[in-house]
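In what follows, a structure is listed as structure tokens, so that the remarks can point back to it.
Here is the naming used below: chain letters follow the sequence lines, and residue numbers restart at 1 for every chain. Predicted model, so just to flag it, every value in this text is computed and none were measured.
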Protein chains: 2
Amino acid sequence: MSLKYGILGLLNYGTMTGYDLDKAFKSSVNIFWQAQTSQIYRELGTMEKLNWVETEVIIQHGKPNKKMYKITELGKSELLKWLYEASNKDFFKSKDSFLLMLFFSGEKTVDENIEMLKKFKQDCLEYFSVLNKVDENANYYTNRIEDDTKCVYWDIVLEFGKASMTATLQWIDDSIVRLEALK
Amino acid sequence: MSLKYGILGLLNYGTMTGYDLDKAFKSSVNIFWQAQTSQIYRELGTMEKLNWVETEVIIQHGKPNKKMYKITELGKSELLKWLYEASNKDFFKSKDSFLLMLFFSGEKTVDENIEMLKKFKQDCLEYFSVLNKVDENANYYTNRIEDDTKCVYWDIVLEFGKASMTATLQWIDDSIVRLEALK
DNA sequence: TGGGTCATGTAACCTGTTACATGATTAG
DNA sequence: CTAATCATGTAACAGGTTACATGACCCA
């Protein structure tokens, strides 16, 4: 359900092709929302039927033709409606197979689980550098937006990513200490 | 994909009905994995075909008959395989419509967004008390397990929930301060 | 000459959600 | 007497995932 609004939100910054949207998703919103290329094209199709977006085909030479998607007045009002009415209950409904696995890891040895957590720590550190790269990409998109106050929200969301990673790393260390004590 | 393993993990603690599994999900694993009742019954059906679980019907008087599900040897080996092979990449792929909404909230006024964050803070505090209730429920399930070291993992996972909530609350406060400064 | 980028999608499948159906017992 | 609990599911739909198809240009 939210994918439509993610697309509307990005189109609200400017007219784009499905291909551009795909890249925009993968280089920005990706940290808290992922969309497959095929999904984006499918949604754009249904959104055009709903009259939330309209298209214009641009003939190109040497490259495939472009289909530019533009948000309509109806689309913009749907976006605003969502911004005002969306609930936060999703936040408390995360599905995480890693935590599910850890929950049942009593079947493995303590040493094996310490190893697993150490591996996880490595992956978290790597992810941290991904977050910093997203920070750089941000400039590309935020430069296209006139109003400076709008960029604050981008930054706040990124800070969330960093804060939760920091908490996760601390939790990993605490958990390893706890497991070491069992040996 | 993980739902099957969540079911296997719980059945590994003891034989249960679909109804019991539903309750077990809702009172324990629920913080990081949610499953609908209908989904559990559907998965149990396919798992029986896969021979991961086997059933025994228990005739009851005054109550509907029970269909007890028991993990098979094959099921147990599939569970172990998953515990050893599952990756942690899901952890970095969370989908969060609240963060998506916040990202696009430059369309709203600063005051409206401060209000939204304050409301979110209230919901986070409420969720904290839910986590503590889960803590109490834990005793019911952990008492049924012989091996004490297995309960550590339950606790570690719960600690994650608390740690990330603490970090989230701190982030909310910081963000509100930041938005106040824009006024 | 082979891989990457540009640009569009379709098809099949799997998973998750919502709504509904049934029917008896038990506790307030 | 009414709502909750026990216990089983089905059906339809929405949303997400994986794999595949096409084809030209550009750079090394």
Side-chain angles (χ1 to χ4, degrees), chain A residues 1-8 15-27 29-30 32-50 52-53 55-69 82 86-87 89-90 92-97 100, chain B residues 1-8 15-27 29-30 32-50 53 55-69 82 87 89-90 92-97 100:
Chain A
M1 200 70 258
S2 300
L3 178 56
K4 281 189 182 60
Y5 300 100
I7 291 172
L8 282 182
T15 299
M16 270 184 257
T17 66
Y19 191 76
D20 293 332
L21 276 164
D22 190 43
K23 277 193 301 174
F25 258 91
K26 270 150 195 159
S27 65
V29 192
N30 209 50
F32 49 87
W33 201 276
Q34 306 82 37
Q36 262 73 44
T37 313
S38 60
Q39 233 181 319
I40 289 170
Y41 283 109
R42 182 169 57 181
E43 286 301 311
L44 282 170
T46 63
M47 286 165 79
E48 199 178 353
K49 275 177 202 152
L50 287 169
W52 291 14
V53 295
T55 55
E56 192 197 344
V57 177
I58 292 172
I59 285 107
Q60 291 196 126
H61 308 284
K63 283 179 183 176
N65 291 338
K66 277 185 179 186
K67 208 168 167 184
M68 298 296 282
Y69 287 89
W82 178 71
S87 87
K89 66 178 197 296
D90 249 41
F92 307 103
K93 271 197 198 170
S94 63
K95 281 194 179 167
D96 205 308
S97 64
L100 188 68
Chain B
M1 201 69 255
S2 300
L3 179 55
K4 282 189 181 59
Y5 300 101
I7 291 172
L8 282 182
T15 299
M16 268 184 260
T17 65
Y19 190 76
D20 292 332
L21 276 164
D22 190 44
K23 277 193 301 175
F25 259 92
K26 271 153 195 158
S27 65
V29 192
N30 210 50
F32 49 87
W33 202 274
Q34 306 82 38
Q36 262 72 43
T37 314
S38 59
Q39 234 182 318
I40 289 171
Y41 283 110
R42 181 169 59 182
E43 286 301 311
L44 282 170
T46 63
M47 287 166 80
E48 199 178 353
K49 275 176 201 152
L50 286 170
V53 295
T55 53
E56 192 197 344
V57 177
I58 292 171
I59 285 107
Q60 291 195 125
H61 308 284
K63 283 178 182 177
N65 292 337
K66 278 185 178 183
K67 208 168 165 184
M68 297 297 283
Y69 286 89
W82 178 72
S87 86
K89 67 178 197 295
D90 249 41
F92 306 103
K93 270 196 198 170
S94 63
K95 281 194 178 165
D96 206 307
S97 63
L100 187 68

Open item on the list: B/K4: which residues meet the salt bridge (charged side-chain N to carboxylate O under 4.0 Å, His left out) condition with it, sequence neighbours left out?
Closed with: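 Partners of B/K4 under the salt bridge (charged side-chain N to carboxylate O under 4.0 Å, His left out) test: B/E43.
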To the nearest angstrom, how far is [X] atom [atom1] from [N] atom [atom2]?
X: A/Y41; N: D/dA21; atom1: OH; atom2: C1'; answer: 14 Å
X: B/L44; N: D/dA7; atom1: CG; atom2: P; answer: 15 Å
X: B/L3; N: D/dG15; atom1: CG; atom2: P; answer: 20 Å
X: A/L21; N: C/dT8; atom1: CG; atom2: P; answer: 9 Å
X: A/Q36; N: D/dG16; atom1: CD; atom2: C1'; answer: 7 Å
X: A/E43; N: C/dT10; atom1: CD; atom2: P; answer: 13 Å
X: A/K95; N: C/dC14; atom1: NZ; atom2: P; answer: 18 Å
X: B/D22; N: D/dA7; atom1: CG; atom2: C1'; answer: 10 Å

Quick one: side-chain hydrogen bond (donor to acceptor under 3.5 Å, both in side chains) partners of [X], sequence neighbours excluded?
X: B/S94; value: none
X: A/T37; value: A/D22, A/K26
X: B/Q34; value: none
X: A/S97; value: B/D90

Consider the side chain of [X], meaning its heavy atoms from C-beta on, and name the nucleotide among [options] that approaches it most closely.
X: B/Y19; options: D/dT8, D/dG16, C/dT17; value: D/dT8
X: A/R42; options: D/dG9, C/dT15, C/dA12; value: C/dA12
X: B/S38; options: D/dA19, D/dA11, D/dA7; value: D/dA11

Open item on the list: For C/dG9 and A/K67 - does any side-chain N or O of the residue sit under 4.0 Å from the phosphate oxygens OP1/OP2?
Closed with: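 Result: yes.
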Open item on the list: Taking 4.0 Å as the cut-off, does a side-chain nitrogen or oxygen of B/T17 come that near to OP1 or OP2 on D/dC6?
Closed with: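 Result: no.
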- [ ] Answer yes if the ring centres of A/Y5 and A/W52 are under 6.0 angstrom apart, and no otherwise.
- [x]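 Yes, they do, as the ring centres are separated by less than 6.0 Å.
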- [ ] Answer yes or no: is there a side-chain heavy-atom contact under 4.5 Å between B/L44 and B/K67?
- [x]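 No, their side chains stay 4.5 Å or more apart.
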Task: Upstream residue (5' side of DNA chain D) when A/T37 and A/M1 are each assigned their closest nucleotide - done: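 Mapping each residue to its closest nucleotide by heavy atoms, the 5'-most match is A/M1.
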- [ ] For B/G18, report the nucleic acid contact type (base, sugar-phosphate, nothing); a contact means any heavy atom under 4.0 Å.
- [x]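 Counting heavy atoms under 4.0 Å across all strands, the contact made by B/G18 is with sugar-phosphate only.
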Open item on the list: Could you work out how much the helix from C/dT1-D/dA28 to C/dG28-D/dC1 bends, comparing the axis of its first five pairs with that of its last five, to 10°?
Closed with: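 Taking the rotation axis at each end, their angle is 40°.
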TODO: Let me know, please, whether A/Y69 or B/S2 comes out on the 5' side of the other along DNA chain C by nearest nucleotide.
DONE: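 So the residue in question is A/Y69.
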